[in-house]
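The model shown is predicted, which means the values in this text are computed figures rather than measured ones. Each chain gets a letter, A, B and so on, in the order its sequence line appears, and its residues count up from 1.
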Amino acid sequence: MIGCRRVAQQAVAARALRTKLTRAMIIRSRIADLLTAPPPAAQGRPVTVWGWARSRRDSKAGISFIDLSDGSVLAGLQVVAPATLPNYGDLLKRVHTGTAVRVTGLLVPSQGRGQSVEIQADAIEVVGDVDPEAYPIQKQAMSLEHLRGLPHLRARTRTVQAIMGVRSVLAGAVHRFFQDRGFACVHTPIITGGDCEGAGRQFRVTTLDPAKPPRTAEGGVDWAQDFFAREVHLTVSGQLEGETYACGLGDIYTFGPTFRAENSNTPRHLAEFWMIEPEMAFCDLDGDRAVASDFVRATVADALNRCGPEIEFLEKQQAPGLRASLETLAGSDFAHLTYSEAITALERSGKRFEFPVRWGIDLQAEHERWLVEEHCKRPAVVTNYPKEIKAFYMRLDDDGRTVAAMDVLVPRMGELIGGSQREDRLDVLERRMREAGLDPAHYAGYLDLRRFGSVPHAGFGLGFERLVCLVTGTQNIRDVIPYPRTPGHCP
RNA sequence: UCCUCGGUAGCUCAGUGGUAGAGCAGUUGACUGUUAAUCAAUUGGUCGGAGGUUCGAAUCCUCCCCGGGGAGCCA
């Protein structure tokens, strides 16, 4: 099985570069390169590979086979260890699942089934031993739930390698999507001074001594003596800063870490996650919806093209029908209905919901699930929600009852994207701030965008890990980020 | 935060009041190229913790700890 993650041409160039760079360092071939190399050139030549044994099979006549992985590709390289090796007996005692070895030998066409090439070993050296009694990673599939307790070792498993491989490709796909369309990548700040942005509780950032902070005359903490001479927090969204750069650079996107100090204990929430937030000047809600739909289709298609082996493996391992569902997702037109249309459909469905449906309620998970999975039977975008259940910065519709908001709902995950056209009329925005109990004085910069050369603009936010869950068919968001941070857990 | 289901060997799990179990892993051995190799033998347990009921508790009760799922908040 040949990994298609790397295009052959890139592989050749990368190989040449590495050869140059590693002359004075460790000499080795990457297994990915050996498995993708054109057969005549690759085969019959001496190579050195480093890796971890995934399993060892001892055959008749004393020949042993080591399934070797170096992390460069999902498929392993089969190492053939003949009994004639001087240290053969030692290898039988020391090579287990997880043992690190260096192998030198000839890359040859495989005599067995299951792989095209194998390495006929001339020398095998144990680089790092494993005590098989103590090593927690097994040869056989282990549950992601259990691996969560081994955050430093789970990257040794194929499932986590496949998930993280897809994650990496998706990260590239996000940048490719926007860069190909002329969007500028903007690095919005991680530490922000925004008071309350209405997007969840924030983590405080401070260098003050928590045991004895400086006090004001009134007895409160004197933040003026803190590092930034004011109260600051980790960002919960780059949107406000993104808007300011969109109203200058035109089309921008952010892709960075985001922090929410909410006590959310679900398979869809993290306290630290990566968020993608495009913002487009001269754009309305229809344009916003088009970009969001294109974004989902394009990044899913990109992953399908570049992660064939990973998706195939994950389908077998944890998500039956994954590839077909992703192909459907990448090829489908997303349904579009307004909130009012959605409510009408829900009311006429004849279904009894736990939360009764009437105009004005926020759509619950059960409602969204019915809309996507039974009513539309494809991804759906719901727009124009009642203003009462959406944020102050969303543009008020002409009817005065709804705002130009949208949610992109997908099968399995529910809400994947939330976005809106922003309120670009100064007087309306100020009024809506006051209605929301916010002090416009704290948003001077934000209001300046409307005061000077205000233009219609729109954007959306997308939790990157939810996209990774969708594409990898993973149920729990904690399994698609290396070190998940959740309430009570910072491993 | 609320509701709910769980915690038994390194891993996955069976065991619902009467001597602690299986498969895999590990160990030992067998086997002419294996593919989660196969076959035989075998090691391995504070049954999450503390208290209680009982002649007797993995099993029943109380509290606590940890995990899964659902809900809320949200991306």
Note, [X] side chain near [Y] side chain (heavy atom, < 4.5 Å):
X        : Y        : value
A/Thr486 : A/Arg478 : yes
A/Ile276 : A/Phe255 : yes
A/Ile190 : A/Pro257 : yes

**Prompt:** Nearest nucleotide by nearest heavy atom, which residue falls closer to the 5' end of RNA chain B, A/Ser143 or A/Ser110?
**Reply:** A/Ser143
**Message:** By nearest heavy atom, map A/Gln475 and A/Phe464 onto RNA chain B; which one lands nearer the 5' end?
**Reply:** A/Gln475
When you measure from the side-chain N and O atoms of [X] to the phosphate of [N], is any distance below 4.0 Å, counting only OP1 and OP2?
X        : N     : value
A/Arg201 : B/C74 : no
A/Thr266 : B/G70 : no
A/Arg478 : B/G69 : no

Nearest of [options] to any side-chain atom of [X]?
X        : options             : answer
A/Pro267 : B/C73, B/G69, B/U34 : B/G69
A/His146 : B/C11, B/C73, B/U1  : B/C11
A/Phe355 : B/G67, B/G72, B/U34 : B/G72
A/Gln138 : B/U34, B/G10, B/C73 : B/G10
A/Arg57  : B/A25, B/G67, B/A37 : B/A37
A/Asn476 : B/A71, B/C66, B/G68 : B/G68
A/Asn263 : B/U34, B/U1, B/G72  : B/U1
A/Arg268 : B/G69, B/C74, B/A71 : B/A71

Say you pick atom [atom1] in [N] and the same atom in [M]; how far apart are they, in whole Å?
N     : M     : atom1 : result
B/A22 : B/U8  : C1'   : 12 Å
B/A25 : B/A9  : C1'   : 11 Å
B/G18 : B/G56 : P     : 14 Å
B/A57 : B/A20 : P     : 11 Å
B/C63 : B/G69 : P     : 25 Å
B/C13 : B/G51 : P     : 29 Å
B/U59 : B/U19 : C1'   : 16 Å
B/G45 : B/A58 : C1'   : 11 Å

May I ask which nucleotide in the shown strands pairs with [N], Watson-Crick or G-U wobble, both distances under 3.5 Å?
N     : result
B/U32 : none
B/C73 : none
B/U42 : B/G26
B/G6  : B/C66
B/C13 : B/G21

**Asked** Does any donor-acceptor pair link the side chain of A/Ser264 with the base of B/C74 at a separation under 3.5 Å?
**Response** no
Cationic tip of [X] within the cone over [Y]'s six-membered ring, i.e. under 6.0 Å and within 45° of the normal?
X        : Y        : result
A/Arg176 : A/Phe178 : no
A/Arg289 : A/Phe334 : no
A/Arg30  : A/Trp50  : no

Please list each protein N or O that sits under 3.5 Å from an N or O in nucleotides 26-29 of chain B, with the distance.
from  : atom 1 : to       : atom 2 : distance (Å)
B/G26 : O2'    : A/Glu133 : OE2    : 2.7

Take atom [atom1] of [X] and atom [atom2] of [N], then tell me their distance rounded to the nearest Å.
X        : N     : atom1 : atom2 : answer
A/His367 : B/G70 : NE2   : P     : 17 Å
A/His489 : B/G67 : NE2   : C1'   : 8 Å
A/Glu145 : B/G7  : CD    : P     : 12 Å
A/Lys316 : B/U35 : NZ    : P     : 15 Å
A/Arg56  : B/A25 : CZ    : P     : 12 Å
A/Asp362 : B/C74 : CG    : P     : 7 Å
A/Asn265 : B/C65 : CG    : P     : 14 Å
A/Lys390 : B/C74 : NZ    : P     : 9 Å

**Fill in**
Checking A/Arg167, A/Arg268, A/Arg485 against A/Glu465 for salt bridge (charged side-chain N to carboxylate O under 4.0 Å, His left out), the one that qualifies is A/Arg167
**Item:** Rounded distance [0.5 Å steps], OG in A/Ser340 versus OH in A/Tyr385
**Value:** 11.0 Å
**Item:** A/Glu373/A/Arg412 ion pair, N-O < 4.0 Å
**Value:** no
**Prompt:** Quick one: do A/Lys390 and A/Asp407 make a salt bridge, cutoff under 4.0 Å?
**Reply:** yes
At under 4.0 Å between heavy atoms, what does [X] touch on the DNA or RNA strands: base, sugar-phosphate, or nothing?
X        : value
A/Ala134 : nothing
A/Glu118 : base
A/Glu465 : nothing
A/Thr258 : nothing
A/Leu270 : base
A/Arg369 : sugar-phosphate

**Item:** Check: A/Glu243/A/His457 side-chain N/O donor and acceptor closer than 3.5 Å
**Value:** yes
